[in-house]
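Following: one structure in structure tokens, then a few remarks.
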Amino acid sequence: MTAEGMVFPCRFPIKAMGENAADLEALVLAIVRQHVADEQILSHQTRPSRAGKYCSVTVTIEAESQHQLDRIYGALTAESRILMAL
């Protein structure tokens, strides 16, 4: 168990939000794939905002460590098209 209370490996959903664009899901997946193997990506889904201006992409991975998660979040937030990552 880590200081945050998580036990690795574990299923972990990563949500990234940006303006609604046809390639946002592909962009988020490409960033996540830089840090995880394809078999660690368990699922992904896209959901537009109520008004349709924004979109969230949730990628559930089999996370190996807090360090891995920190690298993924760092890469997502460094991308100018990603407005927020949770």
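Basis for what follows: all heavy atoms, side chains included, without hydrogens, waters or symmetry-related copies.
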Is there a side-chain contact between [X] and [Y] (heavy atoms, below 4.5 Å)?
X     : Y     : result
Ile41 : Arg33 : yes
Phe12 : Met6  : yes
Ile14 : Val57 : no

Interatomic distance, [X] atom [atom1] to [Y] atom [atom2] [nearest 0.5 angstrom]:
X     : Y     : atom1 : atom2 : answer
His67 : His35 : NE2   : NE2   : 9.5 Å
Lys15 : Thr60 : NZ    : OG1   : 10.0 Å
Lys53 : Glu19 : NZ    : CD    : 5.5 Å

Taking Tyr73 for its side chain and Leu86 for its backbone only, find out whether a donor-acceptor pair lies under 3.5 Å.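 Confirmed, Tyr73 side chain pairs with Leu86 backbone.
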Gln40 (side chain) donor-acceptor with Glu62 (main chain) under 3.5 angstrom: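 Between the backbone of Glu62 and the side chain of Gln40 there is a qualifying donor-acceptor contact (under 3.5 Å).
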Can you name the one residue among Leu29, Leu27, Asp23 that meets side chain to side chain contact (heavy atoms under 4.5 Å, CB included) with Glu25?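 Among Leu29, Leu27, Asp23, the one meeting side chain to side chain contact (heavy atoms under 4.5 Å, CB included) with Glu25 is Leu29.
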Qualifying residue, where the test is side chain to side chain contact (heavy atoms under 4.5 Å, CB included) with Tyr54 and the options are Asn20, Leu24, Leu83: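 Testing Tyr54 for a side chain to side chain contact (heavy atoms under 4.5 Å, CB included) against Asn20, Leu24, Leu83 leaves exactly one candidate, Leu83.
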Treating Ile, Leu, Val, Met, Phe, Trp and Tyr as nodes and any side-chain heavy-atom pair under 4.5 angstrom as an edge, say whether Met17 and Ile61 lie in one connected cluster.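 Each belongs to a different hydrophobic cluster.
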Indicate if Val36 and Val28 have the same hydrophobic cluster label, given that clusters are the connected sets of ILVMFWY residues with side-chain heavy-atom separations under 4.5 angstrom.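 In one cluster with Val36: Val28, yes.
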Heavy-atom count check: over 12 atoms from other residues, nucleotides or ligands less than 6.0 Å from Arg71 CZ?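 For Arg71, atom CZ is crowded (more than 12 foreign heavy atoms under 6.0 Å).
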